[in-house]
Amino acid sequence: MKNYLGVAREQGITDDKIEVVRSVVMAISACSVANRAETSSVLPEKQKKAFSDFYESTQKNQVLGLRTTRLIQMAAAFVNGCPT
């Protein structure tokens, strides 16, 4: 990971963009884990809302364009085997 971050910074990718990418990937990864464990239906409402709010915030970030966000989501979903 250090290598990728170093290359990204050398290419002028800002820390803000890197953090948004991390958030998008975390959201998709969490989706995958929840789907595999089938625990999303048994989560307390407060926890479901917290995840939903976090996931939504990764969709409407002010740092990456919509197309870039969608491409990151697709890549993370493929890697994590997430059906969505």
Side-chain angles (χ1 to χ4, degrees):
M1 191 65 184
K2 277 185 172 182
N3 183 51
Y4 290 120
L5 290 173
V7 170
R9 287 187 179 105
E10 286 174 8
Q11 296 296 316
I13 298 173
T14 65
D15 286 342
D16 286 347
K17 288 183 179 180
I18 291 170
E19 289 307 312
V20 169
V21 169
R22 283 182 179 167
S23 294
V24 171
V25 171
M26 281 178 24
I28 297 297
S29 296
C31 167
S32 176
V33 169
N35 283 335
R36 279 192 220 135
E38 297 181 9
T39 58
S40 58
S41 62
V42 296
L43 289 176
E45 285 303 315
K46 187 175 180 181
Q47 218 172 352
K48 282 182 186 179
K49 172 130 178 47
F51 174 76
S52 178
D53 291 348
F54 169 67
Y55 185 82
E56 189 68 23
S57 75
T58 67
Q59 310 298 303
K60 297 178 180 173
N61 69 79
Q62 301 295 314
V63 180
L64 301 176
L66 181 61
R67 182 175 177 195
T68 301
T69 299
R70 295 291 185 248
L71 288 170
I72 294 166
Q73 290 170 326
M74 286 184 352
F78 287 139
V79 169
N80 286 292
C82 189
T84 56

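The structure displayed is predicted, hence computed values, not measured ones.
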message: I'd like to check the side chain to side chain contact (heavy atoms under 4.5 Å, CB included) partners of Ala8; sequence neighbours left out, ordered by chain and number.
response: Ile13, Ile18
task: Please name all residues satisfying side chain to side chain contact (heavy atoms under 4.5 Å, CB included) with Val20, sequence neighbours left out, ordered by chain then number.
output: Val24, Asn61, Val63, Leu64
query: What residues form a side chain to side chain donor-acceptor pair (under 3.5 Å) with Lys49, not counting sequence neighbours?
result: Asp53
query: Residues in side chain to side chain donor-acceptor pair (under 3.5 Å) with Ser23, at least two apart?
result: none
- request: Sorted by first residue and then second, give each salt bridge (charged side-chain N to carboxylate O under 4.0 Å, His left out) pair with at least one member in residues 57-77; sequence neighbours left out.
  value: Glu56-Lys60
message: The test is side chain to side chain contact (heavy atoms under 4.5 Å, CB included); show your working for Asp15 and Arg9 and say whether it passes.
response: CA-CA 8 Å; Asp15 286 342; Arg9 287 187 179 105; 2.8 Å; yes
